[in-house]
Amino acid sequence: MSEEKKDEHQQSNNNMNIGLAPLLARPNILSLHPYRCARDDYDSGILLDANENAYGPASLPTNSLDPYDNGMELERYPCPYQRAVKRLLCDYRNGQSNNNGSGATATAIDESNVFAGVGSDEAIDLLIRIFCTPGASTGSGDAIMITPPTYGMYKVCAAVNDVHVQTVPLTPSFDVEIEEIYKAVTDKTKLLFLCSPGNPTSKSIPIETIESIASSNKYGGIIVVDEAYVDFSSQPTAASLIPKYKNIVVLQTLSKAFGLAGIRCGFALGPKDIIQLMNNVKAPYNVNKLTSDAAINALRNTDVLEKHVKSVLVEREVVKRELEGMEFVVKVYESDANFILFRVKQKANELYKTMADKGVVSRFRGNELHCNECIRVTIGLPEENAKFLSLLKATYAELTG
């Protein structure tokens, strides 16, 4: 971590020791451990730590300065329901569902099945707020269920909303334990979060597993399938299940494959009654016009998206093959995402930190369940990947020689 980042962290701690906040805030907020994003640690160098798309955005906002063009009418509030963005997303996902090789024509989703928000994180928070009664701090209220190792924001949003978190770990091979889920659920378990492909696991959950839980009478809550990385996966989106089941919500984002992490645009796809509640509860103008413009351009140019995805998949195989050839790398996990999780013999955290201080940033995941001595690396441009691999070998030799 840079000295500047350390100073910022210390200042945030100091801020909590003054003023009215510690006297008036809810106890669960004061005890909250906030989500730590990649940029909290490093923000320069070769950044292979946040699973961004190094090939760049699928499109850009419309040029409005040369010549001057206020076609977006930025003095006016945006459409509160983002109908154009939703329509384009539905067209793209419906087309994928009908070309998945099964020979069957899937029932389409439409705009009323889509919530648009500030990344998929807004959708996570809204779902918890809508369906879970607070009360964890007093031993009452509802719960969500997660399957670690998994995305950290589920637990953070639950803590903010004073909601219990039930955990049913994945197997060491990162598979869902369906029967263990059924044993653990109660009538208070309102939401089950399944990350597919997983983060940090990079493994997709089979559609059959999701459908099995959705069709079972052993769980009466909502299944939330987080598909941030679905466009890199060999498995089709679970959105095709939405017309068939009333208890599936699928989260997607433009941050990963679309290369638009900077505009913060995500979606929840689900049954119309759930989506209507999300639209009722959200802030009136949650998605701004600049974000909407960039999203529309990207969804109209999915050929660029698909080109970038193919490039990432080619490089993913290159990095995987190189890692498998390194004597000190004891495990390279199969990947359905734009990153690879791998395990080294020893000193993973020191390895990660030393490389980051030299300008090549990956992410240490060894503190996650089943991820002892593991590092997660985002697939970058060919020259970035080559630099990572070269520095990885040199640094490990330096640390263990």
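The figures that follow rest on heavy atoms only: side chains count, while hydrogens, waters and symmetry mates do not.
Between Lys353 and Glu350 there is no salt bridge, since none of the side-chain N atoms of the basic residue sits less than 4.0 Å from a carboxylate O of the acidic one. A salt bridge does not link Glu373 with Arg343: every distance from a Lys NZ or Arg NE/NH1/NH2 to an Asp or Glu carboxylate oxygen is 4.0 Å or more. Looking at Asp175 and Lys203, a side-chain N of the basic residue comes within less than 4.0 Å of a carboxylate O on the acidic one, giving a salt bridge.
In this model, no donor atom of one side chain and acceptor atom of the other lie less than 3.5 Å apart for Asp231 and Gln252. When only modelled atom types and interatomic distance are considered, Thr291 and Asn288 share a side-chain donor-acceptor pair under 3.5 Å. With 3.5 Å as the limit, one finds no donor-acceptor pair spanning the side chains of Tyr229 and Asn338. Counting only N and O atoms by type, the side chains of Asp49 and Tyr352 include no donor and acceptor under 3.5 Å apart.
Rounded to the nearest 0.5 angstrom, Met145 CE and Glu180 CD are separated by 10.0 Å. To the nearest 0.5 Å, the span separating OG on Ser362 from CD1 on Ile46 amounts to 11.5 Å. The distance from atom CD1 of Ile144 to atom CZ of Phe131, rounded to the nearest 0.5 Å, is 14.0 Å. The line from CD1 of Ile124 to OG of Ser120 is 5.0 Å long, rounded to the nearest 0.5 Å. Between Leu299 atom CG and Asp91 atom CG the span is 9.5 Å, to the nearest 0.5 Å. Note that SG of Cys195 is 11.0 Å distant from CD1 of Ile146, once rounded to the nearest 0.5 Å.
Side chain of Ser196 to main chain of Gly198: no donor-acceptor pair is present (N/O by atom type, distance under 3.5 Å, no hydrogens or angles). Without hydrogens or angle criteria, Asn161 side chain to Val163 main chain gives no donor-acceptor distance under 3.5 Å. In terms of modelled atom types and a separation under 3.5 Å, the side chain of Asp162 and the main chain of Ser137 share a donor-acceptor contact. A donor-acceptor pair under 3.5 Å is absent between the side-chain atoms of Lys387 and the main chain of Val360, judged by distance alone. A donor-acceptor pair under 3.5 Å is absent between the side-chain atoms of Thr354 and the main chain of Leu351, judged by distance alone. Within the 3.5 Å criterion, the main-chain N or O of Pro27 finds a donor-acceptor partner in the side chain of Ser31. A side-chain donor-acceptor contact under 3.5 Å links Ser202 to the backbone of Glu334. No donor-acceptor pair closer than 3.5 Å links the side chain of Glu384 to the backbone N or O of Leu48. The backbone N or O of Leu192 sits less than 3.5 Å from a side-chain atom of Tyr219, completing a donor-acceptor pair. Remark: side-chain polar atoms of Asn94 are paired, donor with acceptor, to backbone N or O of Ile109 under 3.5 angstrom.
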Practice task
Could you check Arg76 against Lys289 for side chain to side chain contact (heavy atoms under 4.5 Å, CB included), going step by step and ending with a plain yes or no?
Solution key: CA-CA 9 Å; Arg76 305 295 181 191; Lys289 285 187 175 182; 3.5 Å; yes

Exercise for the section: Dump the intermediate steps for salt bridge (Lys or Arg N to Asp or Glu O under 4.0 Å) on Glu227 and Arg93, then the final yes or no. Expected result: CA-CA 13 Å; Glu227 292 189 337; Arg93 293 308 185 199; over 6 Å; no

Practice task
Quick one: do Val185 and Ile181 satisfy side chain to side chain contact (heavy atoms under 4.5 Å, CB included)? Show the steps, please.
Solution key: CA-CA 6 Å; Val185 296; Ile181 287 175; 4.0 Å; yes

Practice task
Give the C-alpha distance, both sets of side-chain angles, the deciding distance and a yes or no for side chain to side chain contact (heavy atoms under 4.5 Å, CB included) between Asp226 and Tyr154.
Solution key: CA-CA 10 Å; Asp226 190 343; Tyr154 312 139; 2.7 Å; yes

Problem - Full working for side chain to side chain contact (heavy atoms under 4.5 Å, CB included) between Asn286 and Phe115 - result: CA-CA 11 Å; Asn286 59 329; Phe115 165 83; 3.8 Å; yes

Practice task
Could you give me the CA-CA distance, side-chain angles and deciding distance for Thr189 and Gln166, then say whether side chain to side chain donor-acceptor pair (under 3.5 Å) is met?
Solution key: CA-CA 8 Å; Thr189 312; Gln166 300 170 318; 2.7 Å; yes

Problem - Verdict with supporting geometry, Glu211 and Lys244, salt bridge (Lys or Arg N to Asp or Glu O under 4.0 Å) - result: CA-CA 10 Å; Glu211 191 162 12; Lys244 187 176 178 181; 2.7 Å; yes

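Pairs passing the side-chain hydrogen bond (donor to acceptor under 3.5 Å, both in side chains) check and including a residue from residues 302-314, sequence neighbours excluded, read Tyr92-Glu306.
Closest approach of Lys190 to Cys132, counting heavy atoms only: CB-SG, 3.9 Å. Considering every non-hydrogen atom in both Val225 and Ala238, the closest pair reads CG1-CB, 4.3 Å. Minimum heavy-atom separation, Pro382 to Tyr55: CD-OH, 3.6 Å. Taking every heavy atom of both residues into account, Val230 and Gln235 meet most closely at CG2-O, 4.2 Å.
When side chains are defined from C-beta on, Leu251 does not count as touching Thr253, because their heavy atoms never get closer than 4.5 Å. You'll find the side chain of Arg363 stays beyond 4.5 Å of the side chain of Thr378, heavy atoms only. Between Glu322 and Val319 the shortest side-chain heavy-atom distance does not fall below 4.5 Å. Contact annotation: the side chain of Val160 never approaches that of Cys157 to less than 4.5 Å [non-hydrogen atoms, C-beta and beyond]. Asp336 has its side chain within reach of Ser234: a pair of non-hydrogen atoms, C-beta onward, lies under 4.5 Å apart. At a threshold of 4.5 Å between non-hydrogen side-chain atoms, the residues Asp142 and His164 do not count as touching. A heavy-atom distance below 4.5 Å is found between the side chains of Asn70 and Leu74. With a 4.5 Å cut-off on side-chain heavy atoms, Ser204 and Pro197 count as touching.
With sequence neighbours excluded, no residue satisfies side chain to side chain donor-acceptor pair (under 3.5 Å) with Ser173. Contacts of Asp293 classified as side chain to side chain donor-acceptor pair (under 3.5 Å), with partners at least two apart in sequence or in another chain: Thr62. Residues that satisfy the salt bridge (Lys or Arg N to Asp or Glu O under 4.0 Å) test with Glu324, not counting sequence neighbours, are Lys320.
For an aromatic pair to be called close, the ring centres must be under 6.0 Å apart, and Phe339 with Phe232 fails this.
Atom NZ of Lys155 has 12 or fewer heavy atoms from other residues, nucleotides or ligands within 6.0 Å. For Tyr77, the OH atom is loosely surrounded, since the number of other residues' heavy atoms within 6.0 Å does not exceed 12.
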Enumerate donor-acceptor pairs with a distance under 3.5 Å from any side-chain N or O in residues 390-397 to protein atoms, sequence neighbours excluded.
{"residue": "Thr395", "atom": "OG1", "partner": "Leu391", "partner atom": "O", "Å": "2.7"}

For residues 257-277, run the donor-acceptor check on the side chains, cut-off 3.5 Å, and write out each pair with its distance to 0.1 Å, sequence neighbours left out.
{"residue": "Arg264", "atom": "NH1", "partner": "Ser255", "partner atom": "OG", "Å": "3.0"}
{"residue": "Gln276", "atom": "NE2", "partner": "Asn280", "partner atom": "OD1", "Å": "2.8"}

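The aromatic rings of Phe388 and Phe342 sit perpendicular, their planes meeting at an angle over 60°, well past the 30° parallel limit.
Both tests pass for Lys282 against the ring of Tyr81: distance under 6.0 Å to the centre and angle within 45° of the axis.
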